Engineer: 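Below you will find the structure I want to go over with you.
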Amino acid sequence: MRENNIAMFNLIEEASSIPLTLENGYKRQNKILQNMRYLYTSFEGIKLNHKNKYSLPIIKKGSICLFCFSFFEATKDIILEDKYKREEGSRYIIFKLANQGKNLIVDIIDSLDSIYSEELGGFYHINKKLNTIIKYLPYNIYYKNGIYDGHYFDNYNNEVF
């Protein structure tokens with residue numbers, strides 16, 4: 001994702017304004033999603049259009065991402081770019097905080113380094129030394145011979161297979 005294109009998620013509700021339990025957080029997310037016109041089916045609030053197997057999926061406008069108990073919304077379709085083009089292997093969609101927590105930048109990486117956080121309700125990589133946190137969309141995209149094949153994570157005992 002090119003940052004100069006500024007296709008990212010914008011903050012719509014800060015963590016301090018929602019309940020502190022994960023269950024109540026997801027209930028609030030569902031209420032927000034019910035008012036969105038653009039979502040018909042979604043996974044964790046993110047609507048992917050992956051009809052074209054010759055490109056990465058598109059994150060649809062109106063998608064909602066719960067990131068560390070704050071809600072972010074995609075204000076336009078986000079077209080993902082593969083910086084690993086021509087390298088066979090897996091790709092993962094990640095979200096990173098930007099603009100002092102007011103935006104989420106979407107990026108593609110080729111390594112999976114996450115665990116399921118029951119406290120935060122998703123697949124996260126937390127680097128305490130660098131003070132960074134990354135959320136993975138639980139969707140694996142495998143690239144081979146010009147075709148992108150996507151599948152949702154298989155999660156067992158908080159590990160991804």
Side-chain angles (χ1 to χ4, degrees), residues 1-3 5-12 22-23 25-30 32-34 36-98 103-127 132-161:
M1 177 89 262
R2 281 179 278 153
E3 290 185 39
N5 192 8
I6 316 219
M8 62 180 73
F9 284 71
N10 296 318
L11 179 69
I12 59 173
L22 183 60
E23 179 183 358
Y26 276 119
K27 285 179 182 178
R28 177 71 183 129
Q29 181 182 25
N30 287 335
I32 292 172
L33 291 174
Q34 289 171 1
M36 304 305 292
R37 295 183 196 181
Y38 304 100
L39 295 178
Y40 300 103
T41 60
S42 63
F43 188 78
E44 285 197 2
I46 308 294
K47 173 133 173 103
L48 293 179
N49 176 350
H50 200 180
K51 293 178 182 175
N52 182 356
K53 296 293 184 187
Y54 299 101
S55 66
L56 288 169
I58 296 171
I59 297 176
K60 299 300 289 177
K61 175 182 176 180
S63 293
I64 301 289
C65 181
L66 176 62
F67 188 97
C68 295
F69 297 110
S70 290
F71 291 102
F72 295 83
E73 178 185 9
T75 56
K76 60 182 179 177
D77 286 356
I78 298 174
I79 299 170
L80 302 169
E81 294 181 21
D82 189 356
K83 58 188 169 197
Y84 307 100
K85 196 75 172 174
R86 300 189 180 160
E87 292 179 28
E88 181 179 325
S90 291
R91 315 285 193 266
Y92 303 94
I93 301 170
I94 62 166
F95 303 97
K96 304 182 281 188
L97 287 173
N103 303 105
L104 281 182
I105 293 176
V106 183
D107 201 2
I108 297 292
I109 61 171
D110 66 348
S111 62
L112 178 64
D113 185 14
S114 72
I115 60 167
Y116 185 81
S117 170
E118 290 183 22
E119 180 184 351
L120 296 174
F123 292 91
Y124 285 88
H125 174 77
I126 300 169
N127 186 327
T132 59
I133 185 165
I134 296 171
K135 182 176 184 178
Y136 283 76
L137 183 68
Y139 191 71
N140 177 25
I141 306 158
Y142 193 82
Y143 176 80
K144 183 177 180 180
N145 299 326
I147 295 176
Y148 294 92
D149 189 23
H151 303 281
Y152 290 105
F153 287 178
D154 289 327
N155 179 28
Y156 176 73
N157 199 22
N158 295 337
E159 294 184 28
V160 179
F161 300 96

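The structure presented is a predicted model; accordingly, all values stated were derived computationally and were not measured.
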Engineer: Could you pull out all residues at least two apart from D149 that satisfy salt bridge (Lys or Arg N to Asp or Glu O under 4.0 Å)?
Structural biologist: none
Engineer: Of all the heavy-atom pairs spanning I108 and E81, show the shortest one and how long it is.
Structural biologist: CG1-O, 3.7 Å
Engineer: How close do F71 and I64 get, counting heavy atoms only, and between which atoms?
Structural biologist: CD2-CG2, 3.9 Å
Engineer: Any side-chain to backbone donor/acceptor pair from K135 onto C68? Under 3.5 Å, distance only.
Structural biologist: no
Engineer: How many angstroms lie between atom CD1 of I59 and atom CG of N49, to the nearest 0.5 angstrom?
Structural biologist: 11.0 Å
Engineer: To the nearest 0.5 Å, what is the distance between CG (L80) and NE2 (H50)?
Structural biologist: 9.5 Å
Engineer: Does some side-chain heavy atom of I93 sit less than 4.5 Å from a side-chain heavy atom of P57?
Structural biologist: yes
Engineer: If I take atom CD1 from residue I46 and atom OH from residue Y139, how far apart are they, to the nearest 0.5 angstrom?
Structural biologist: 13.0 Å
Engineer: Quick check: do Y143 and E87 have side-chain heavy atoms less than 4.5 Å from each other?
Structural biologist: no
Engineer: Would you find a donor on one side and an acceptor on the other, under 3.5 Å apart, between the side chain of N103 and the backbone of I105?
Structural biologist: no
Engineer: NZ of K51 to CD1 of I58: how many Å apart, nearest 0.5 Å?
Structural biologist: 10.0 Å
Engineer: Rounded to the nearest 0.5 Å, what's the gap from CG on L104 to NZ on K96? Could you check?
Structural biologist: 11.0 Å
Engineer: Please check: side-chain N/O of R86 versus main-chain N/O of Y84, any donor-acceptor pairing under 3.5 Å?
Structural biologist: no
Engineer: Could you go through the side chain to side chain contact (heavy atoms under 4.5 Å, CB included) check for I94 and L137 one step at a time?
Structural biologist: CA-CA 6 Å; I94 62 166; L137 183 68; over 6 Å; no
Engineer: What do the steps show when you test I134 against I109 for side chain to side chain contact (heavy atoms under 4.5 Å, CB included), and what is the final call?
Structural biologist: CA-CA 11 Å; I134 296 171; I109 61 171; 5.7 Å; no
Engineer: Could you pull out the closest heavy-atom pair between Y124 and L66, with the gap in Å?
Structural biologist: OH-O, 3.7 Å
Engineer: If the condition is side-chain contact (heavy atoms from CB on, under 4.5 Å), which residues does S90 pass it with, not counting sequence neighbours?
Structural biologist: Y92, N140, Y142
Engineer: What do you reckon, is NZ of K144 surrounded by more than 12 foreign heavy atoms closer than 6.0 Å?
Structural biologist: no
Engineer: What do the steps show when you test K60 against D77 for salt bridge (Lys or Arg N to Asp or Glu O under 4.0 Å), and what is the final call?
Structural biologist: CA-CA 5 Å; K60 299 300 289 177; D77 286 356; 3.1 Å; yes
Engineer: Among F95, F67, F72, find the residue that satisfies the ring-ring contact (aromatic ring centres under 6.0 Å, His included) test when tested with F9.
Structural biologist: F95
Engineer: To the nearest 0.5 Å, what is the distance between CZ on F123 and CD1 on I115?
Structural biologist: 10.0 Å
